[in-house]
Amino acid sequence: MDLPFILDIISTAAILIAIGFGLLELRHYHLSRKRDSALYILNSYQTDEFLHGTWTILSIPDGLTKEEIEQRVGDEIKDVYLVMSTWERVGILVFHKEVSMDLVDDANSGTIMLSWQKLEGYVSGMRKEFQRETIFEWFQWLAERMREREGNKPPVPAHIAHKEWEE
């Protein structure tokens with residue numbers, strides 16, 4: 001074997017190793033982004049305002065109009081908006097596959113579906129008032145996807161579904 005041939009082999013091997021390393025780093029980057037998105041989802045629920053907004057929403061009877069909800073919740077509407085805006089952002093993240101539907105389903109499917117059930121009339125009133133069908137569109141999309149998932153298979157609580165889990 002002559003020296004140029006050996007150098008070509010070494011050069012080719014170095015390029016292949018660099019490509020392999022680059023692909024591995026790209027995979028790690030994507031996994032890191034998914035983990036960061038999951039942490040965002042889980043941590044966004046950890047504020048007093050979010051918890052208060054959720055409690056406020058769950059106390060609203062079904063089928064109320066925008067005006068009836070505003071009258072019922074008064075100044076607490078800002079916390080309700082916080083929850084709706086959070087579900088809106090979560091819907092966008094799920095749609096763009098930044099966070100998995102399974103994670104969102106495990107973390108908050110019931111709360112998302114109940115929130116939409118309680119606030120559908122409110123959002124409908126906003127859309128009419130502002131003549132804009134895109135208001136809270138991703139919140140609605142997310143709630144509908146959750147409902148479809150439960151339509152295919154009833155939800156099983158984690159303490160039952162995973163009672164055989166071992167570390």
Side-chain angles (χ1 to χ4, degrees), residues 27 29-167:
R27 185 175 187 286
Y29 171 73
H30 285 293
L31 290 174
S32 175
R33 280 190 52 176
K34 285 201 176 285
R35 188 193 78 238
D36 290 347
S37 294
L39 289 173
Y40 164 77
I41 294 297
L42 297 174
N43 289 333
S44 67
Y45 312 143
Q46 301 303 314
T47 67
D48 289 341
E49 294 83 4
F50 185 87
L51 296 173
H52 185 262
T54 301
W55 184 254
T56 301
I57 290 168
L58 296 179
S59 71
I60 297 171
D62 293 352
L64 296 185
T65 65
K66 178 180 180 287
E67 294 75 21
E68 291 169 330
I69 290 174
E70 287 173 343
Q71 185 177 35
R72 182 177 181 91
V73 302
D75 290 340
E76 296 171 348
I77 196 71
K78 67 184 180 335
D79 292 339
V80 170
Y81 268 91
L82 173 68
V83 173
M84 291 192 308
S85 297
T86 300
W87 297 148
E88 182 83 353
R89 291 188 306 272
V90 169
I92 292 167
L93 289 172
V94 168
F95 178 80
H96 289 285
K97 298 183 181 358
E98 292 294 324
V99 68
S100 76
M101 180 68 87
D102 287 337
L103 175 72
V104 175
D105 192 356
D106 284 346
N108 279 98
S109 64
T111 310
I112 292 166
M113 290 171 44
L114 287 171
S115 294
W116 181 253
Q117 181 179 318
K118 305 286 185 178
L119 297 171
E120 184 175 1
Y122 188 82
V123 173
S124 177
M126 287 182 70
R127 290 175 178 172
K128 286 178 187 161
E129 180 181 340
F130 295 107
Q131 298 178 358
R132 184 86 184 182
E133 282 297 311
T134 58
I135 292 174
F136 292 112
E137 63 190 320
W138 292 106
F139 172 25
Q140 179 177 355
W141 178 88
L142 184 62
E144 289 172 352
R145 300 299 71 77
M146 292 292 148
R147 188 178 313 125
E148 286 172 2
R149 286 171 69 96
E150 285 194 8
N152 296 335
K153 57 181 176 157
V156 179
H159 66 277
I160 295 171
H162 307 292
K163 68 181 177 182
E164 305 296 328
W165 183 82
E166 293 181 24
E167 190 172 356

[X] side, atom [atom1]; [Y] side, atom [atom2] - distance, nearest 0.5 Å:
X	Y	atom1	atom2	value
Gln140	Ile135	CD	CD1	12.0 Å
Ile69	Ile77	CD1	CD1	7.0 Å
Glu150	Met113	CD	CE	4.0 Å
Phe50	Thr111	CZ	OG1	7.5 Å
Ile160	His162	CD1	NE2	11.0 Å
Leu142	Glu88	CG	CD	9.5 Å

According to the interplanar angle, ranging from 0 to 90°, do the rings of Trp138 and His96 count as parallel (below 30°), tilted (30 to 60°) or perpendicular (above 60°)?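 Ring orientation of Trp138 relative to His96: tilted.
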Please state whether the rings of Phe139 and Trp116 are parallel, tilted or perpendicular, taking 30° and 60° as the class boundaries. perpendicular
For Leu93 and Val104, what are the C-alpha separation, side-chain angles and deciding distance, and is it a side chain to side chain contact (heavy atoms under 4.5 Å, CB included)? CA-CA 10 Å; Leu93 289 172; Val104 175; over 6 Å; no
Check whether [X] reaches the backbone of [Y] with its side chain - one donor and one acceptor, N or O, closer than 3.5 Å.
X	Y	value
Glu49	Asp79	no
Lys118	Ile60	yes
Ser59	Thr56	yes
Thr134	Glu137	no
Ser124	Glu120	no

The single option from Glu67, Glu68, Glu70 passing side chain to side chain donor-acceptor pair (under 3.5 Å) against Tyr122: Glu70
Of the non-hydrogen atoms in [X] and [Y], which two are nearest, and what is the gap between them?
X	Y	answer
Arg149	Asp102	NH2-OD1, 2.5 Å
Met146	Ser109	SD-CB, 3.4 Å
Gly53	Val83	C-CG2, 3.7 Å
Ser115	Ile57	CA-CG2, 3.7 Å

With a 6.0 Å cut-off (strictly less than), is the heavy-atom count around CZ of Arg132, excluding the residue itself, greater than 12?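 No, not enclosed.
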Does CG belonging to Asp62 count more than 12 external heavy atoms closer than 6.0 Å?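 Counting neighbours around CG of Asp62, more than 12 heavy atoms of other residues, nucleotides or ligands fall under 6.0 Å, so yes.
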Salt bridge check: are Glu148 and Arg145 linked by an N-O gap of less than 4.0 Å?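 A salt bridge is present here (some side-chain N lies under 4.0 Å from a carboxylate O).
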Is there side-chain contact between Thr47 and Leu82, with heavy atoms separated by less than 4.5 Å?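 Yes, side chains in contact.
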